[in-house]
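Everything below concerns the one structure shown next.
Counting starts at 1 for both ligands and their atoms, following the listed order. Just so you know, these numbers come straight off a predicted model, no measurement behind them.
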Amino acid sequence: MSTFRFKEDFVWGVATSSYQIEGAAREDGRGESIWDTFCRVPGKVVKGESGDVACDHYHRFEEDLDLMAQMGVNAYRFSIAWPRVQPDGRGAYNEKGLAFYERLVDGLLKRGIQPFATLYHWDLPQALQTEQSGWESRDTAYRFADYAGKIGRVLGDRVASIATHNEPWCTAWLGNATGYFAPGNADLKKAAHVAHHLLLSHGLAVQAMRADGVKAPLGIVLNQSPAHGATEAPEDVAAASLEYAKFVRWYMDPIFKGEYPAEALQWYGANGPQEVIRDGDFDIIGTPLDFLGINYYTRIFASASGDKRPPGVHGFTDMDWEVYPEGLTELLTNLNGEYKLPPIYITENGCAAKDALENGRVQDTDRINFLDLHLAALSEAAQQGVDVAGYFAWSMLDNFEWASGYDKRFGMVYVDYETQKRTLKDSAHWYSEVIAEHAAAEAAR
Ligand code: IFM
């Protein structure tokens with residue numbers, strides 16, 4: 001096990017999201033989400049699977065919190081299903097849905113685990129999609145701010161932080177440019193409009209929660225990667241720069257610099273966001289934040305010829321994503337030089353592996369290696385001056401991996417979906433040791 005150097009009050013967590021684990025899709029007044037609808041479209045999700053039952057966490061959350069306590073984590077990042085607490089995305093709130101998240105947060109606090117809430121991890125109320133084309137509509141940003149204010153009032157005094165969005169690039173790009181995710185649109189201009197409204201909704205939500213007196217730190221979670229050209233040839237270097245502008249800077253620049261990157265705007269051309277940008281939007285989007293969450297999985301590898309297969313010196317995960325830990329150090333140190341950043345959390349990092357339960361044990365050595373390499377890379381970034389406040393492994397549990405269904409296992413806890421039995425994998429035991437060792441090293445310092 002490597003030795004990692006982090007600050008004394010470093011946050012060691014695990015993460016999940018509502019649609020991927022909760023199940024109970026039609027219980028206690030939960031409304032439909034765009035993922036419920038999308039999963040029913042033939043061919044969209046492997047084997048036609050859905051989050052209807054998932055890990056049945058809605059009914060088993062006490063057991064899951066006990067497992068977290070057993071692992072020794074001091075934080076848990078979860079998301080709130082908007083349609084569970086406000087079934088139509090506007091109007092009446094669902095008391096039973098709100099009560100579930102209150103029980104969850106209280107259960108965490110009782111066990112000494114800090115609750116890190118995310119307001120939107122892709123499960124938009126279907127009613128907003130049906131009635132006003134979801135995030136294509138500016139009004140959805142205002143509906144989101146109302147919902148954020150409500151959550152702030154109900155949970156804001158008990159959670160350790162609230163993030164507005166998880167990975168808005170996925171919502172905008174995978175949901176609207178490629179159609180790979182819900183709601184399944186394949187239209188570049190729609191994607192640009194959606195991205196702008198997501199950013200706007202983020203700023204409006206932060207303002208709404210602050211106006212309601214929420215004291216918990218507020219932020220956003222972005223998925224990010226450094227981008228490398230396949231060769232040193234100028235056209236490959238330019239391809240990498242463009243991919244970085246579309247993936248990372250498209251979200252970072254509006255939030256921290258008040259503008260979209262010119263390079264990407266030029267690429268979008270007439271399909272860009274210009275028609276939906278209004279005076280004052282960038283002031284709202286740039287509302288100061290208390291933290292930035294970064295989800296890191298791999299790097300972007302770009303070439304002018306379109307060949308995107310990297311060399312993969314550390315191998316590839318079961319998602320066929322290159323294992324590239326040094327990219328995390330590079331990404332964070334570059335961001336630190338480029339922007340005036342609040343404290344950073346790695347809000348997701350992990351890998352899918354072909355895990356098998358044999359004699360009651362899951363020997364997920366690949367995952368342990370992956371996490372070890374990435375924690376070392378994060379520790380290196382901290383040594384180089386990046387203000388790293390915490391790390392959340394993705395994921396606490398095996399779960400519904402969106403369009404890939406249940407075949408891809410990201411969890412530190414194995415889930416037998418037939419019986420819903422949970423088994424701590426070797427990586428969970430390893431993570432406990434890392435956390436305990438860090439605490440002991442800090443105590444000795
Ligand atoms: O499972 C997802 C999660 O919902 C968002 N970030 C990436 C993970 C792995 O694909």
Side-chain angles (χ1 to χ4, degrees), residues 13-23 33-36 38-39 44-46 49-51 54-55 57 64 76-82 116-124 163-175 178 180-183 198 219-225 247-248 251 292-300 316-325 327-328 331 344-355 364 366-367 370-371 374 391-415 417 425 427:
V14 284
T16 65
S17 89
S18 49
Y19 190 72
Q20 293 179 273
I21 65 163
E22 284 179 4
S33 85
I34 56 172
W35 269 93
D36 296 306
F38 190 71
C39 290
K44 288 298 185 186
V45 177
V46 170
E49 290 170 332
S50 76
C55 308
H57 171 79
D64 291 338
Y76 173 50
R77 173 174 177 251
F78 61 96
S79 79
I80 294 164
W82 185 355
F116 279 62
T118 299
L119 297 177
Y120 188 80
H121 198 123
W122 311 348
D123 38 4
L124 183 75
T164 55
H165 285 280
N166 178 74
E167 303 181 350
W169 177 86
C170 293
T171 306
W173 191 264
L174 299 181
T178 67
Y180 181 62
F181 278 4
L198 289 168
I220 188 168
V221 171
L222 304 175
N223 46 330
Q224 301 199 349
S225 303
F247 188 64
V248 174
Y251 298 90
L292 172 66
I294 292 178
N295 296 351
Y296 179 79
Y297 288 92
T298 188
R299 66 170 157 169
I300 295 169
F316 292 83
T317 71
D318 199 29
M319 297 294 279
D320 206 26
W321 295 346
E322 185 193 18
V323 178
Y324 195 73
L328 180 57
L331 173 75
I344 286 177
Y345 292 91
I346 296 305
T347 30
E348 286 182 27
N349 175 241
C351 66
K354 291 209 181 310
D355 300 320
D364 56 339
D366 287 350
R367 179 168 294 103
F370 182 100
L371 297 172
H374 285 80
Y391 175 89
F392 292 80
W394 184 270
S395 178
M396 156 75 187
L397 299 165
D398 290 337
N399 59 51
F400 176 69
E401 178 54 24
W402 307 110
S404 307
Y406 291 95
D407 275 357
K408 304 295 177 196
R409 292 183 178 267
F410 272 91
M412 283 185 169
V413 175
Y414 185 88
V415 177
Y417 293 109
K425 300 180 190 177
S427 59

Candidates Asp355, Asp398, Asp318 - the one meeting salt bridge (charged side-chain N to carboxylate O under 4.0 Å, His left out) with Lys408: Asp318

Check: Ser395/Thr16 side-chain N/O donor and acceptor closer than 3.5 Å: no

Qualifying residues under salt bridge (Lys or Arg N to Asp or Glu O under 4.0 Å), relative to Lys44, sequence neighbours excluded: none

Results of side-chain hydrogen bond (donor to acceptor under 3.5 Å, both in side chains) for Asn349 - residues two or more places apart only: Tyr391

Which N or O atoms of ligand 1 sit under 3.5 Å from a protein N or O, and how far apart is each pair?
from	atom 1	to	atom 2	distance (Å)
ligand 1	1 (O)	Gln20	NE2	2.9
ligand 1	1 (O)	Trp394	NE1	3.3
ligand 1	1 (O)	Glu401	OE1	2.6
ligand 1	4 (O)	Gln20	OE1	2.7
ligand 1	4 (O)	His121	NE2	2.7
ligand 1	4 (O)	Trp402	NE1	2.8
ligand 1	6 (N)	Glu167	OE1	3.2
ligand 1	6 (N)	Glu167	OE2	2.8
ligand 1	6 (N)	Glu348	OE1	2.5
ligand 1	10 (O)	Glu401	OE2	2.5

Distance-only side-chain donor-acceptor flag, Asn166 / Thr118, under 3.5 Å: no

Partners meeting side-chain hydrogen bond (donor to acceptor under 3.5 Å, both in side chains) with Trp82 (sequence neighbours left out): Gln86

